[in-house]
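To start, the structure itself, in structure tokens.
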Amino acid sequence: MDCGVAKIFLLFISLIFWAAGAGLAYVGHYVIKSFGSFDSLIQNKSTLIPAAIIIGISAVMFFVGIVGCCSTLRESKCGLSFFFLIIMLIFAAEVTALVFSFIYRSKINGQLESPIRDSLSKYNGEKNSDTEAVDSMQTLLKCCGVKNYTDWTNTTYFSTNKTLPLSCCKNSSSPQCNGKLEEWQQFNTEGCEPKLEKFIQDVLTYAMLVVVAFAIIKFFGMVSVCAITCKSRRNGYEPLYA
């Protein structure tokens with residue numbers, strides 16, 4: 001890579017580090033917020049590890065961007081070496097987050113049925129974590145029950161009220177949907193387990209794609225640092241601020 005091109009590219013990388021930090025912080029927050037909506041339904045909290053790593057990475061991005069910009073402009077050997085080390089560490093952390101996301105994305109399969117059934121059995125229509133989690137899930141994902149809406153017939157709530165929760169309704173504000181099983185046409189008949197599984201996998205996939213994009217940029221950043229350093233050595237040039 002030509003030294004001039006490498007320098008311009010490295011300056012570009014330094015500038016987008018600030019935007020990248022904000023972007024990664026948003027991704028990490030989005031993943032945690034998405035999982036938080038179904039906190040009582042997801043027992044494996046280790047699925048949040050990738051999000052925690054991503055937020056940790058974003059915390060140092062602003063500082064790294066300043067170091068990279070100053071070191072590139074001054075061609076500081078010490079500064080560029082430090083910048084290279086930081087980029088390499090962040091690159092390694094992003095690869096780790098990517099691996100964890102891939103692992104936990106596959107582990108989601110088959111792990112949701114039991115906690116969802118447990119939450120349905122504890123559902124009582126009053127304000128508590130299980131009731132709110134189930135209502136939120138059924139409203140957001142437009143689903144009802146675990147496999148389908150008939151799962152509610154085996155719950156204490158249905159035995160007591162002889163109705164399904166209004167969160168099962170296609171339109172919960174519609175007077176035509178009163179929760180009566182006979183009015184099943186008014187319900188979202190699809191189960192929540194497959195929809196929640198797809199939702200979580202989609203969130204992790206989104207996070208993985210963002211991390212891959214930033215990791216590629218950092219890889220070329222490391223190549224650019226090497227190009228500038230090697231060019232300086234071949235020319236026998238020792239930077240003033242070494």
Side-chain angles (χ1 to χ4, degrees), residues 26-55 97 100-208:
Y26 172 78
V27 170
H29 172 72
Y30 175 74
V31 173
I32 291 176
K33 183 180 179 181
S34 298
F35 278 52
S37 301
F38 313 109
D39 186 61
S40 63
L41 303 174
I42 303 174
Q43 295 178 336
N44 188 0
K45 304 303 180 184
S46 57
T47 50
L48 294 177
I49 290 178
I53 294 176
I54 291 172
I55 290 177
F100 272 113
S101 296
F102 182 79
I103 291 173
Y104 292 123
R105 187 175 179 274
S106 62
K107 279 189 174 182
I108 289 295
N109 296 335
Q111 290 192 349
L112 298 175
E113 181 176 353
S114 178
I116 293 177
R117 287 194 184 279
D118 185 57
S119 292
L120 260 63
S121 67
K122 295 177 181 177
Y123 187 96
N124 57 15
E126 299 177 0
K127 275 200 170 184
N128 57 58
S129 60
D130 289 296
T131 296
E132 290 178 354
V134 170
D135 283 338
S136 175
M137 173 183 65
Q138 295 192 148
T139 302
L140 178 64
L141 302 180
K142 299 186 183 305
C143 59
C144 184
V146 183
K147 300 295 184 181
N148 56 60
Y149 73 101
T150 60
D151 290 317
W152 278 103
T153 60
N154 300 317
T155 64
T156 304
Y157 179 82
F158 183 82
S159 299
T160 303
N161 299 280
K162 304 303 179 184
T163 62
L164 273 59
L166 293 182
S167 57
C168 279
C169 296
K170 294 177 181 178
N171 183 3
S172 58
S173 61
S174 172
Q176 294 179 323
C177 188
N178 53 20
K180 296 291 184 180
L181 198 59
E182 297 77 20
E183 302 292 334
W184 63 270
Q185 298 93 337
Q186 302 294 328
F187 301 144
N188 294 305
T189 55
E190 292 183 70
C192 293
E193 183 198 10
K195 286 201 168 187
L196 180 57
E197 183 177 304
K198 184 180 183 301
F199 175 80
I200 294 173
Q201 289 183 342
D202 287 347
V203 169
L204 289 176
T205 299
Y206 167 71
M208 288 166 65

### Task
Output the distance between atom NZ (Lys195) and atom CG (Leu112), rounded to the nearest 0.5 Å.
15.0 Å

### Message
Filter on ring pair (Phe, Tyr, Trp, His ring centres under 6.0 Å), then keep only pairs touching residues 160-198, sequence neighbours left out; what's left?
### Response
none

### Summary
Sorted by chain and residue number, the side chain to side chain donor-acceptor pair (under 3.5 Å) partners of Asn128 (sequence neighbours excluded) come out as Asn124, Thr131

### Summary
Contacts satisfying salt bridge (Lys or Arg N to Asp or Glu O under 4.0 Å) that involve residues 150-159 (not counting sequence neighbours) are Arg117-Asp151

### Task
Please list all pairs passing the salt bridge (Lys or Arg N to Asp or Glu O under 4.0 Å) test where one or both residues lie in residues 156-184, with sequence neighbours left out.
none

### Query
What pairs with Thr139 under side chain to side chain contact (heavy atoms under 4.5 Å, CB included), at least two apart in sequence or on another chain?
Ser167

### Task
Report the distance from atom NZ of Lys147 to atom CD1 of Ile116, rounding to the nearest 0.5 Å.
8.5 Å

### Query
Which residues satisfy the ring-ring contact (aromatic ring centres under 6.0 Å, His included) test with Tyr157, sequence neighbours excluded?
Tyr123

### Query
With distance as the sole criterion, is a donor-acceptor pair present between the side chains of Thr163 and Asn161 under 3.5 Å?
no

#### Entry: From Glu197 atom CD to Asp202 atom CG, the distance as rounded to the nearest 0.5 Å
10.5 Å

#### Entry: Which atom of Met137 lies closest to which atom of Leu196, heavy atoms considered
SD-CD2, 4.1 Å

### Task
Can you measure from CG (Asn188) to SG (Cys169) and round to the nearest 0.5 angstrom?
8.0 Å

### Query
Which heavy atom of Phe158 sits nearest a heavy atom of Thr153, and at what distance?
CD2-CA, 3.6 Å

### Query
To the nearest 0.5 Å, what is the distance between CD (Gln176) and CG (Asn178)?
10.0 Å

### Task
Please report the closest heavy-atom contact between Val134 and Ser119, naming both atoms and the distance.
CG2-CB, 3.7 Å

### Query
If you round to the nearest 0.5 Å, how far is SG of Cys177 from CG of Asn171?
8.0 Å

### Task
Over all heavy atoms of both residues, which pair between Cys168 and Leu164 is shortest? Give the atoms and the distance, please.
SG-CD2, 4.3 Å

### Query
Under 3.5 Å, is there a donor-acceptor pair between the side chain of Gln138 and the main chain of Gly145?
yes

### Task
Would you tell me whether Cys144 and Cys192 have their SG atoms within less than 2.5 Å of each other?
no

